[in-house]
Every structure is written in C-alpha cells, then in structure tokens.
Amino acid sequence: MPQLPATPYPAEVRARLDADAKEVVARYPGSRSALLPLLHLVQSEEGYVSRTGMAFCAETLDLTTAEVTAVATFYSMYRRRPSGDYQVGVCTNTLCAVMGGDAIFDTLKEHLGVGNNETTEDGKVTLEHIECNAACDFAPVVMVNWEFFDNQTPESATQLVDDLIAGRTVEPTRGAPLCSYKDTARILAGFPDERPGAVEATGGAGPASLIGLKLAKGEALPKARVVSPRAGQPEDARPQDGQPHDAQVHDPSPTERLSSHDAPQQTSASDPEHPAGPAAEEGE
C-alpha cells in the first residue's frame, strides 16, 4: 500500500543535521559520494535509518528516495528499525561457527528471549548473527557496536550481555572503549571521537594475527616437520637435502586432520599414467 510522506525532523534537529551534513558533503568532490556517511549521520540521530532520515539524505544530496533506499537496504550496517543501545553481533560464519559461534548465538537468543535482529524489551541489546569480521584467528568472535570481544564462550557472552544490560563497565578485547550505538554511528559518519584516550586505545593486531609474519621473517620458526604421503611412510625416513636435521617424517594421526596438501601427491600433470594434456576448447 502507498505510504504517507515521511514525517520531517523537528526544526531544531533539522538545523543541527543540516550543519553536520554540510560538513560531510564538503569532504567529497561529488555530493552523492557522501551518501554512506550521511546515512550514518541520520542513524546517529535515531538509532536507525528511518524514512525521515532517508528523505533527509535524498533532499540534501539531490537524489531520489529510491536511490537512497537502495543503498540503505543493501548494507547491513544500517538498521531499518529501532535498535538497542548495544548492537551485539555473533559471528556465525564458517570458522567462528565451528569454534562455538553457533552455540553462543543460540545461548544468547534463549538467555535474552529475542531472535535474530530483535531487541530486548528494555531497549538495551539488539542481537544479530553477523558474517565474517576478519578476526578468524580469535574465533569465536562477538562484536558490540563494532568493537571486538575475542575467544568467546557461551558463558562469557552471557556475562557480557548481562553486564551491558546492568550498565556495568565492559572492556573490549581490542579497540576503543564502548560507546552507545548512536555515538558509534556518529563516529562512522566521520566525526572525531572526542572521548579522552579513545583514539589511543584503538590498538593493533594481536599475536595470533602476527604469527604468519613472524614465521615469514624467521622470528618464530617452530620445529620443522615433514609429513609423508597418506599411503605410507617412505623407506628412507631420514631428512632430505635442504631439510633441517631435526625434521621428523611420520604418518599423520587421525587427530591431525591433515589436508590433501600435506605432502606432494601425484597429479594429472606429473603422473605419466594419467596425463592431463592441454585443455580442449568446446567442439574440438
């Protein structure tokens, strides 16, 4: 059914948003490039992107409401209905899921009495499952207003949401101290985080993220190990030329969960009995 036009912002709110939007738009050579930060700006006002907020963005940038709606509905970071003060996202992508993310999400749904993208009655917490947050080395990961809480368990995640609801201080594993979802949205709109020490607390990658770099530099080289093909151990189990003298050759145990890339295998390119030959074009 057709909807009535969106209710405009009150005059004082509109004046404040106009001033902020002017600052945002001035950062870009083309005004429509400011749409993403402007959506964060209106989200910081109401806690979600309302029809009023989308109408404001369209008018400010000389776009149609359809163009603004297409962008606002594409990105999951823009909420389409009122949300809680704390957006609690549980990563349920592959690695986090198998490491316990699914169990955490199910536990929190039952504990909070809400489903995916639903908010507790007190308006404190909105729960959602989220896709990969590029923190697989700290799996399973929970995010609160886009700050990391690493290596979570159902028990620690339950304590986390209880602390948020009770108003107790909660410290992320990495990154800046928590702020409200509206404050987070304003920061994402490009306005400075003026909280004392917040920028300095952002921090960098943790040890789990840096181990590959250390290995590449030879700074944390573990004891070398050569894995034999699955078919059996070679007759000569001594280290080969170029292998460290402490290298060990052994059959993988079932618990090692080794992949097909653990040791050189015969392939169609190297096995004379199964030549691959050049790939033929269709019809040849």
Side-chain angles (χ1 to χ4, degrees), residues 36 39-40 43 47-49 70-166 168 170-185 187-188 202-212 255-259 261:
L36 295 182
L39 286 169
H40 282 300
Q43 187 159 255
Y48 72 111
V49 178
V71 174
T73 56
F74 180 82
Y75 293 103
S76 60
M77 59 191 175
Y78 300 120
R79 312 302 303 169
R80 294 302 311 282
R81 56 185 177 182
S83 297
D85 295 332
Y86 299 100
Q87 191 80 25
V88 176
V90 181
C91 181
T92 56
N93 213 327
T94 307
L95 183 57
C96 277
V98 300
M99 294 292 287
D102 283 343
I104 291 173
F105 188 57
D106 290 341
T107 298
L108 292 185
K109 285 194 294 184
E110 181 177 355
H111 182 69
L112 296 172
V114 298
N116 184 44
N117 282 327
E118 293 182 354
T119 303
T120 54
E121 292 183 0
D122 57 10
K124 292 286 188 179
V125 171
T126 297
L127 178 68
E128 68 170 342
H129 71 81
I130 51 181
E131 294 301 322
C132 183
N133 286 286
C136 302
D137 38 0
F138 297 102
V141 172
V142 173
M143 299 196 80
V144 180
N145 294 351
W146 308 119
E147 298 294 349
F148 286 103
F149 290 80
D150 303 324
N151 304 120
Q152 292 295 293
T153 65
E155 294 74 23
S156 65
T158 299
Q159 184 62 55
L160 170 61
V161 296
D162 284 347
D163 289 342
L164 293 174
I165 292 173
R168 291 187 283 267
V170 174
E171 295 292 339
T173 309
R174 297 173 281 143
L178 282 184
C179 57
S180 72
Y181 190 61
K182 290 182 179 180
D183 289 337
T184 300
I187 295 170
L188 291 174
T202 298
S209 304
L210 299 176
I211 186 63
T255 58
E256 286 180 293
R257 301 183 183 274
L258 300 172
S259 74
H261 300 288

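Since we're looking at a predicted model, the values are computed, not measured.
At a threshold of 4.5 Å between non-hydrogen side-chain atoms, the residues Pro172 and Leu178 count as touching. Within the 4.5 Å cutoff, the side chain of Ile165 has heavy atoms near those of the Leu112 side chain. Side-chain atoms of Thr73 and Arg80, non-hydrogen and from C-beta on, do get closer than 4.5 Å to each other. Tyr75 has its side chain out of reach of Leu39: every pair of non-hydrogen atoms, C-beta onward, lies at least 4.5 Å apart. Side-chain contact between Lys109 and Glu118: absent, with no pair of heavy atoms (C-beta onward) separated by less than 4.5 Å.
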Check against side chain to side chain contact (heavy atoms under 4.5 Å, CB included), Glu171 and Glu147: CA-CA 9 Å; Glu171 295 292 339; Glu147 298 294 349; over 6 Å; no
Full working for side chain to side chain contact (heavy atoms under 4.5 Å, CB included) between Thr119 and Val114: CA-CA 7 Å; Thr119 303; Val114 298; over 6 Å; no
Criterion side chain to side chain contact (heavy atoms under 4.5 Å, CB included) on Glu128 and Val90, from CA distance to verdict: CA-CA 6 Å; Glu128 68 170 342; Val90 181; over 6 Å; no
Side chain to side chain contact (heavy atoms under 4.5 Å, CB included) between Phe149 and Phe138, worked out: CA-CA 9 Å; Phe149 290 80; Phe138 297 102; over 6 Å; no
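Each of Thr126, Leu164, Leu160 was scored for a side chain to side chain contact (heavy atoms under 4.5 Å, CB included) with Tyr86, with one residue passing: Leu164.
Between the Asn117 side chain and the Gly115 main chain, no donor and acceptor come within less than 3.5 Å of each other. Side-chain atoms of Asn145 come within 3.5 Å of backbone N or O of Cys179 as a donor-acceptor pair. Proximity of a side-chain donor or acceptor of Thr153 to a complementary backbone N or O of Asn151 within less than 3.5 Å is not detected. Remark: side-chain polar atoms of Asn133 are not paired, donor with acceptor, to backbone N or O of Ala135 under 3.5 angstrom. Between the side chain of Gln43 and the backbone N or O of Met77, at least one donor-acceptor pair lies under 3.5 Å. No donor-acceptor distance shorter than 3.5 angstrom exists from the side chain of Gln159 to the backbone of Ala157, with no hydrogens or angles considered. With hydrogens and angles disregarded, no donor-acceptor distance shorter than 3.5 Å links the side chain of Ser156 to the backbone of Gln152.
A pairwise comparison of heavy atoms in Val49 and Ala72 identifies CG1-CB, 4.3 Å as the closest pair. The two residues Thr120 and Asp122 have their closest heavy-atom pair at OG1-OD1, 2.6 Å. Residue Pro154 comes nearest to Ile104 through the heavy atom pair N-CG1, 3.7 Å, listed as atom of the first residue, atom of the second, then distance. Across all non-hydrogen atoms, the minimal contact from Arg79 to Tyr48 is O-CB, 3.5 Å. Taking both residues in full, the closest heavy atoms of Thr92 and Gly101 are given as CG2-O, 4.2 Å, listed atom of the first, atom of the second, then distance.
The aromatic rings of His129 and Phe105 sit perpendicular to each other, their planes meeting at more than 60°, with 30° as the lower class boundary.
For Arg174 and Phe148, the positive end sits near the middle of the six-membered ring, less than 6.0 Å away and at most 45° from its axis.
Taken from CG in Leu95 to SG in Cys132, the straight-line distance is 8.5 Å, to the nearest 0.5 Å. Rounded to the nearest 0.5 angstrom, Lys124 NZ and Asp85 CG are separated by 5.5 Å.
Counting non-hydrogen atoms of neighbouring residues, nucleotides and ligands closer than 6.0 angstrom, the CE atom of Met143 exceeds 12 such neighbours.
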